[in-house]
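In what follows, chains are A, B, ... by sequence order, proteins preceding strands, each numbered from 1. Scope of the values below: all heavy atoms of this structure, side chains included, with no hydrogens, waters or symmetry mates.
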Amino acid sequence: MFSAQGFQATWKYIDLFKQGLLCTVLLSALTVFFGFILALFLAIMRLSDVRPFRALGIDENGHAIDGGFKAALAKFNPLDFIATVYVEVFRATPMLVQLFIIYYVVFPGIPLPKFKIFGSIPFDRFIPGVVALAMNSGAYLCEIIRAGIQSIDGGQREAARSLGMTGTQTMRHIILPQAIKNILPPIANEFVTIIKESSICYTIGVQEIMYAVAATKGATYRIAEPLIIATLIYFCLTFPTSKIIAYFERKMSKGDKR
Amino acid sequence: MSESLIKVTDLKKHYNKGKIKALDGISVDINRGDVMVIIGPSGSGKSTFLRSLNLMEQPTSGQIIFDGVDITAKKIRNEAGKMVTLDIDKHRQKMGMVFQHFNLFPHMTILQNMTLAPIQVKHMDKAVAEEKAMKLLDRVGLADRAAAYPIQLSGGQKQRVAIVRALMMEPEVMLFDEPTSALDPEMVGEVLDVMRELANEGMTMVVVTHEMGFAKEVGNRVLFMADGLLVEEGTPDDIFNHPQNARLKEFLSKVLI
């Protein structure tokens, strides 16, 4: 299975792995960045209170109508609806299918310049990869953020509002600082997942770590040794990421301990 | 007599298309300096009424005139005579509220809990706010806990902090929503002492409580509510020694005084 010669042969292609590492880091970092921004917008949409047909739900005495089509229409929030559909579709379909649809169906219609980032990463494959990963993780991160905000006790909001603080001030000073603390562990999880999931971009020819494995295998006819190296690199990326976030989590939880 | 601070007219709060009537037409005048205690069985609408006063609950109908302004209106006429959207946050600043479960902000120290709203809302200087907070903390005997986090305090201490946090905004009225109901029995006294002191200083207070002793001793008006209605109102002597209504008599026979 393993042999010293095998590692020696693989080591000749270590530059491929270095390029792959750079690509994976870049892919994950951009995915986290854009995925998080997308998730923030989705979460705001899901938590918004935009109800264009609100007036239909009130009868002539000012009472809320109970049940029926009009009451349902009055509760309808189009922003929430769009965001919910987005989240459910992206969570309910395989990542590979999403990636292929974006690369083979959507992006052929969008001309991208053909050049290589750092001389090794093909831009016209890398960008669809980032878009697919970000759109997918945006759906997951949205639900994490929404649940985190909704988990804060309603009394906190009431206390802040009773002191005369506005909705925005309450969100910024009271709700978000507490919510962020609650959502850090699942977000760390999602970041680690993104680093691992980015390996799927190998299927559309993005030259990340798994691409280096395949290339080395083709040249050396060795598979075990390149995989071992890839495993080590992935572990060295994900393990510190979760440790760093765990550190911030501890720092932020000072109000929880006696 | 004294000047009216909050005038409530026919306040109603209905749920389920009027099937549930939490408040079914309450009218009451709260004067400056009043210590109004609201008693009644659970589910009678006491808390809903109190929470409606600063619009934590949006009433279904009725009017609340606070300091001359109808705060239930969506739009009001300003000094220049123009119709403007009512800024409820402005009015809430003048109504301090104390909750059953304290609702201190757990991620901030006691001092930060107290100075946040004055700094953010009133744009008070941080040093000025902190000095003011320390004076208030000293008054309730908690100056040494300024740097502590809420979880480090006992229930009674938390509630005393919650009271002075509301006082930081210099409210014209303090609303107390069962302030001692979540406390261990031995801590009820320390919170009632602070409230009694506040009443003696002339603060207008509306207190929903099950502490009949406090109602008797500190209140100048007692309201008895049942089924969303104001059943009987009077001085503590009227209510406790000469109850008229059968519901009130039954209620008083069940509670320990």
Inset, instruction - Against chain B, label A:Glu158 side chain, backbone, both or neither, depending on which of its atoms sit under 4.5 Å from a heavy atom there. - result: both
Inset, instruction - Starting at CD1 of A:Ile174, measure out to CE of B:Met108 and round the result to the nearest 0.5 Å. - result: 4.0 Å
Legend entry - From CD1 (A:Ile195) to CD (A:Glu190), nearest 0.5 Å: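 One finds 11.0 Å between CD1 of A:Ile195 and CD of A:Glu190.
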Inset, instruction - State, without any angle test, whether B:Asp177 and B:Gln100 hold a side-chain donor-acceptor pair at a distance under 3.5 Å. - result: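 Judged by distance alone, the side chains do not pair up.
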Can you tell which part of [X] gets under 4.5 Å to a heavy atom of chain A, answering side chain, backbone, both or neither?
X	value
B:Met56	side chain
B:Met168	neither
B:Phe105	both
B:Arg51	side chain
B:Leu55	neither

Legend entry - Partner chain A: residue of B:Arg165, B:Lys90, B:Met169 with the largest heavy-atom pair count (under 4.5 Å): B:Arg165
Legend entry - Top contributor to chain A interface from B:Leu104, B:Val98, B:Asp87, B:Asn54 [non-hydrogen pairs under 4.5 Å]: B:Leu104
Legend entry - Non-hydrogen side-chain atoms of A:Phe36 and A:Ile187 separated by less than 4.5 Å: yes
Inset, instruction - May I ask you to check whether over 12 heavy atoms, not counting those of A:Tyr234, lie within 6.0 Å of atom OH? - result: yes
Inset, instruction - Dump the intermediate steps for salt bridge (charged side-chain N to carboxylate O under 4.0 Å, His left out) on B:Lys94 and B:Glu170, then the final yes or no. - result: CA-CA 7 Å; B:Lys94 295 188 254 169; B:Glu170 294 178 343; over 6 Å; no
